Asks: 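So that we are looking at the same thing, I have put the structure below in structure tokens.
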Amino acid sequence: MNVRMQILDTDYVIIEDRPVVRIFGKDEDNRTVCGFVKGYFPYFYILAKDGKTSDVENFVSAKPAVMKQERVMKRFPRGFSAVPIEMLKVTLRNPQKVSELRELLKTHPAVGEIFEADILFKYRFMADHMVSGMGWLEADGSDVNTHTVKTNRTFNITKLGPFESPKNAQMKYLSVDIETLSKSGALPNPQEDEIIIVSVAFHPEHHNQRSVVLTTRGAETGSVIRCLDETQMLEKLRGIIDDYDPDIVTGFNINNFDMPFILKRMEILRVPRTIGRCNEKTAYTKEIMKNRVRSTIPGRVVADSYQLIKKNFSFKRYGLTDVSRILLKQEKHDVAHSEISKLWNSGDREKILRLIEYARKDAELALDLVTEKKLLDKYLELSKLSGVLLQDSLDGGEAGRVENILLREFNKRNYVVPCKPDTGEIRKKEKEKEDRGLKGGFVLTPKVGLHTDGLVVVLDFRSMYPSIFRSYNICPTTIVTGNTDADTTKTPAGYTFVTKTVQEGIIPNILGNLLEERVKTKRAMRQETDEEKLRVLDAKQLALKLLSNSFYGYTGYTKAKLYILDIANAITSCGRYLIQSVNQTVEQKFGYQPIYGDTDSIMIKIPETDLDKGWELGAKIAEKINGELSGVMQMEFEKIFKSFLILTKKRYAAWKFVKENGHWKDRIEMKGIETVRRDWCELVSDTMNRTIDIILKKGDTKEALNYFNGIMKELIENKIPIEKLVITKNVSKSPTSYVGLQPHIELVKKLQKRNSQDAPGVGDRVGYVIIKGNQLLSKRTEDPEYVKEKRLEIDPVYYVENQLLPPIERIFIALGFTKSELLGKGRQASLLEMMRVKPAQSNVFDGFVCASCSNVYASAPLTGLCQCGGRIQIKTPTGAAEKISIGN
DNA sequence: GCTACTCGGGG
DNA sequence: GTGTACGAGTAGC
């Protein structure tokens, strides 16, 4: 019998003291399949110290877990060597015994080094059979009946190998969301708090339904299932999961909340936790480091939409409310969590229904995020390319993917791969890294300010670090540390590698393939019109780029199996050399000035204002440079800046122009200038964006200054909508346990006095504004709604000094303005006058000073107190400190 | 300017 | 499950 399937998950079980590998996946007809493979065993390699192989052999042969040992010729992975050396290959009966034997061997005096003794059994298996996570396999085998797994088909595999197919089996997604009540008032705890509602959403639909809600209260309807109690509800949940049989289980923050909560409740209520495709192995969650949980459901993939969004989008906040609004243009139902218990205990059908629909919507949103935003596409491609399972693509980092590729490619060439360093070794490597250092890219000192006289041509090295690997044949297997007769090349910084003709490096070879594949993929994209296929191709080229860029970082990562500082340093030093020689070429051959550049890019100012002519000139410069570059190094010319505002290294804004099929497209490009920050109110972002826009597009700094002064004026005249002034902060602990005065906490206390019911609690976000008054700043926080209602006045001084000024100042300073020019001294009503420091006198503001210890502050601490506990006063140039009273 | 510590999401 | 494992942002020197 012949089977083709796409691999979703793999694991192994021990049957009759022997491992059986299980491969879960879907076949070409979209049926779920599980294939079993017997007769495959774990193994690893030992390099004995000089001539002591037989000592190791004697030690190993006495171990009952050992099935077989043999002397083999393998190539050592670090440093160039022309020939393989003798190693001991040890095969064990049981994967679980490997780590034990490995640790034993580590302390044995005859053992030099151990290789490949920390590779997960499933990955050892997959590598040896050349199959990948989300890749297709083709297998011979025969059907078998078993009650151990739940898949449509089960069979014993006798032979298997990779199968090339661009298709993807259709995935079934299920998302879960639970509602709970908290007895303590803090976050619910599964030990004591029960689940009241479980909502589940499906994609595609399940029995013509998009979602169902399980509840222990309220009326049963078509898509609301009324349960007797929590136990029955969880049993039903298990039934629904089994019945729908999803490939992907998702939910919003499911890894850190819903999944562990559900599984704990199942355990307490003795509901079987076999919600995977195996009848024996249960789902479990494991805490990996503080606040990081990983969920495992055998045969399925858990994809947390919160984690995916956090990794792939840059937002100010990542709550389901904000994320759904931005990404889906959908609104979450509005139920404050303090309201949940009220609705639940109201005994009112309508109110309970509101809660039920709220829960339903949450599950649907979590699902829509994954399916509509296609969050899994990139990870699917990363799995296919690197070989790791989809689950590990989602949870794991770059190192795991790189290592999986390295294992396969090293083994292919008869090399062995080292084990991961243990904590002691990692510490040693960290120390080495600290002592010897890893220097990064070269950053050209910028010509600070606004550039509008002429165009700025921007050139980038194409895949700089991967290209350096290839151009200099840089690899752990080609680096030469001592003497050698072989042909070598020296990098500009003096690192030596054998030439490609002696032996091609493995990493350069991998990168060559990845980059070539990316070129092919991009080419295919240009011809593709089908949107679905285009999306897959785009995900693939993105994955290829991500992967090829991971190798440099990997070699400098102290926890890597192949951490080699010399290689990381060889790469960056080449990069610095190359970019600087390009700078020279530009200056010497063209007489133009590079005004800025970072690592792999340079920005050249040309005396030309016409875009088309600038484009021609840019192309000419690029051509000249590329003519002088060797190896596979190449620079790309893709964009022109019509204006360029650079504040410091790594902080700039530019009016970018790119030519897209004959037409110019423009955009503001910003690097390192944050316009959004969680502790800034919206007014700051708006003002910054507008200011930068005026500067770049009009080239008129005076107008920008006028604009800023206008905003200040509006602020003083109380004309700014209060929504734009709200600052939000988190209540991280009980308000009573804060030692100092915190503005947002003071507001919480106020709100508690007014209405203890609706006051924010621990974990809530509090939005506040600062109002005028004689009290300390932190006492002048107020609820925006209350301010509107009572028509209170906001404090303009605070907003200028603490919100607007710090970021805006940086921009104007770079343009050559002084702080007093900024504040409109000598023009209209100066801000300083508005402050009216008591007693009214012409007092120049010069910061703040502590009355006790004389510590000086640029802005007053919000607590109103110095670190030493002393009172803060206004500092004047005469040295006389006025008693603080900002904003009367 | 740097490094050390915190906190995110969820009810 | 042969698995030790985040990352931005902010406070604190």
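Here the structure is a predicted model, which is why all the values come from computation and not from measurement. Labels below follow one simple rule: chain letters A, B, ... track the order of the sequence lines, proteins then strands, and each chain is numbered from 1.
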Asks: Inspect the contact between A/R294 and A/D392 and indicate whether a charged nitrogen and a carboxylate oxygen are less than 4.0 angstrom apart.
Replies: yes

Asks: If you check every side-chain atom of A/N253, which of C/dG3, B/dG9, B/dG11 has the closest atom?
Replies: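 The listed nucleotide nearest to A/N253's side chain is B/dG9.
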
Asks: What's the verdict on side-chain contact (heavy atoms from CB on, under 4.5 Å) for A/R354 and A/E357, showing C-alpha distance, side-chain angles and the deciding distance?
Replies: CA-CA 5 Å; A/R354 201 175 135 215; A/E357 294 309 312; over 6 Å; no

Asks: Using whole Å, report how far CG of A/N256 lies from C1' of C/dC6.
Replies: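 These atoms are roughly 11 Å apart.
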
Asks: Hey, does A/D177 reach any base, or is it just sugar-phosphate, or nothing, if we go heavy atoms under 4.0 Å?
Replies: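 Here A/D177 touches the backbone only, sparing every base.
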
Asks: Checking all strands, does A/F121 fall into the base, sugar-phosphate, or nothing category for heavy-atom contacts under 4.0 angstrom?
Replies: base

Asks: For the pair made of CG in A/D392 and P in C/dA5, what is the distance, rounded to whole Å?
Replies: 14 Å

Asks: For DNA chain B, which residues of residues 274-288 of chain A approach it to below 4.0 angstrom with any heavy atom?
Replies: none

Asks: Once you apply a heavy-atom cut-off of 4.0 Å, does A/L320 come out as touching a base, just sugar-phosphate, or nothing?
Replies: sugar-phosphate

Asks: Taking the nucleotide of DNA chain C with the nearest heavy atom to each, does A/G396 or A/S314 sit closer to the 5' end?
Replies: A/G396

Asks: So, does A/R317 get its side chain near the phosphate of B/dG10, meaning an N or O under 4.0 Å from OP1 or OP2?
Replies: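 No, A/R317 has no side-chain N/O under 4.0 Å of OP1/OP2 on B/dG10.
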
Asks: Going through the distances and angles, do A/K378 and A/N312 end up as a side chain to side chain donor-acceptor pair (under 3.5 Å)?
Replies: CA-CA 10 Å; A/K378 189 176 76 184; A/N312 289 287; 2.8 Å; yes

Asks: Could you check whether A/K310 gets within reach of a base, just the sugar-phosphate, or nothing at all, counting any heavy atom under 4.0 Å?
Replies: base

Asks: Calculate the interatomic distance between A/E103 atom CD and C/dG3 atom C1'; express it in whole Å.
Replies: 13 Å

Asks: Using atom types as modelled, flag every donor-acceptor pair under 3.5 Å from a side chain in residues 251-261 of chain A to any protein atom, sequence neighbours excluded.
Replies:
{"unit_1": "A/N255", "atom_1": "OD1", "unit_2": "A/S295", "atom_2": "OG", "d": "2.7"}
{"unit_1": "A/N255", "atom_1": "ND2", "unit_2": "A/Q307", "atom_2": "OE1", "d": "3.1"}
{"unit_1": "A/D258", "atom_1": "OD2", "unit_2": "A/I178", "atom_2": "N", "d": "2.9"}

Asks: Among the candidates B/dG11, C/dC6, B/dG9, find the nucleotide nearest to the side-chain atoms of A/K559.
Replies: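 Ranking B/dG11, C/dC6, B/dG9 by closest atom to the A/K559 side chain puts C/dC6 first.
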
Asks: Scan A/T296, A/T148, A/D11 and name whichever one has a side chain to side chain donor-acceptor pair (under 3.5 Å) with A/K281.
Replies: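 That would be A/D11; it is the only one of A/T296, A/T148, A/D11 passing the side chain to side chain donor-acceptor pair (under 3.5 Å) with A/K281.
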
Asks: Measuring only the C1' atom in each nucleotide, how far is C/dC6 from B/dG11? A whole number of Å is fine.
Replies: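 After rounding to an integer number of Å, I get 24 Å for this pair.
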
Asks: Between A/R292 and A/I340, which has a closest nucleotide on DNA chain B that is more 5'?
Replies: A/R292

Asks: NZ of A/K106: more than 12 outside heavy atoms within 6.0 angstrom?
Replies: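 Yes, NZ of A/K106 has more than 12 neighbouring heavy atoms, counting only those of other groups under 6.0 Å.
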
Asks: Would you indicate what A/I178 reaches in the nucleic acid, counting non-hydrogen atoms under 4.0 angstrom: base, sugar-phosphate, or nothing?
Replies: sugar-phosphate

Asks: A/S182 has a side chain; which of B/dG11, C/dA5, B/dG9 sits nearest to it?
Replies: B/dG11

Asks: Does anything in residues 399-408 of chain A come within less than 4.0 Å of DNA chain B? Heavy atoms only, and list the residues if so.
Replies: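 Residues of residues 399-408 of chain A under 4.0 Å from DNA chain B: none.
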
Asks: Is the shortest side-chain heavy-atom distance between A/F125 and A/I23 below 4.5 Å?
Replies: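 They are in contact (side-chain heavy atoms under 4.5 Å apart), so the answer is yes.
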
Asks: Checking all strands, does A/F44 fall into the base, sugar-phosphate, or nothing category for heavy-atom contacts under 4.0 angstrom?
Replies: nothing

Asks: What interatomic distance, in whole Å, is found between P of C/dG9 and the corresponding atom of C/dA5?
Replies: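 Their P atoms lie roughly 24 Å apart.
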
Asks: Compute both the distance and the angle, then confirm whether A/K286 meets the cation-pi test with A/Y284: under 6.0 Å from the six-membered ring centre, within 45 degrees of the axis.
Replies: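 Geometry flag: not set, cation outside 6.0 Å or 45°.
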
Asks: Quickly work out the A/I195 CD1 to B/dG10 P distance and round it to whole Å.
Replies: 17 Å

Asks: Between A/E116 and A/R124, does any side-chain N to carboxylate O distance fall below 4.0 Å?
Replies: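 Result for this pair is yes, salt bridge flagged.
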
Asks: Please state how far atom CZ in A/F125 lies from atom P in C/dG1, giving the value in whole angstrom units.
Replies: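 Taking CZ of A/F125 and P of C/dG1, I get 15 Å after rounding.
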
Asks: What's the closest nucleotide to the side chain of A/D362 if the choices are B/dG9, C/dA5, B/dG11?
Replies: B/dG11

Asks: Remember a base hit wins even if backbone is also touched, and classify A/F261 as base, sugar-phosphate or nothing at under 4.0 Å, heavy atoms.
Replies: nothing

Asks: Figure out the CG/P separation between A/L389 and C/dG1, and round it to whole Å.
Replies: 9 Å

Asks: Measure from NZ on A/K342 to C1' on B/dG11 and round the result to the nearest Å.
Replies: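 Interatomic distance, NZ of A/K342 to C1' of B/dG11: 14 Å.
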
Asks: Write down the distance between CG (A/D422) and P (C/dG3), rounded to a whole number of angstrom.
Replies: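 Atom CG in A/D422 sits about 13 Å away from atom P in C/dG3.
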
Asks: Would one find a side-chain N or O of A/K122 under 4.0 angstrom from OP1 or OP2 of C/dG1?
Replies: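 For A/K122, the contact criterion (side-chain N or O under 4.0 Å from OP1 or OP2 of C/dG1) is met.
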
Asks: So, is A/K420 near the phosphate of C/dT4, with a side-chain N or O under 4.0 Å from OP1 or OP2?
Replies: yes

Asks: A cation-pi test, strictly: NZ or CZ of A/K429 under 6.0 Å from the centre of the six-membered ring of A/Y563 and no more than 45 degrees from its axis. Yes or no?
Replies: no

Asks: Report yes if a side-chain nitrogen or oxygen of A/R294 is closer than 4.0 Å to either non-bridging phosphate oxygen (OP1 or OP2) of C/dG1; otherwise report no.
Replies: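 So the side-chain polar atoms of A/R294 never come under 4.0 Å of the phosphate oxygens OP1 or OP2 of C/dG1.
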
Asks: Distance only, no hydrogens: is a donor on one side chain within 3.5 Å (strictly under) of an acceptor on the other, for A/E403 and A/Y554?
Replies: yes

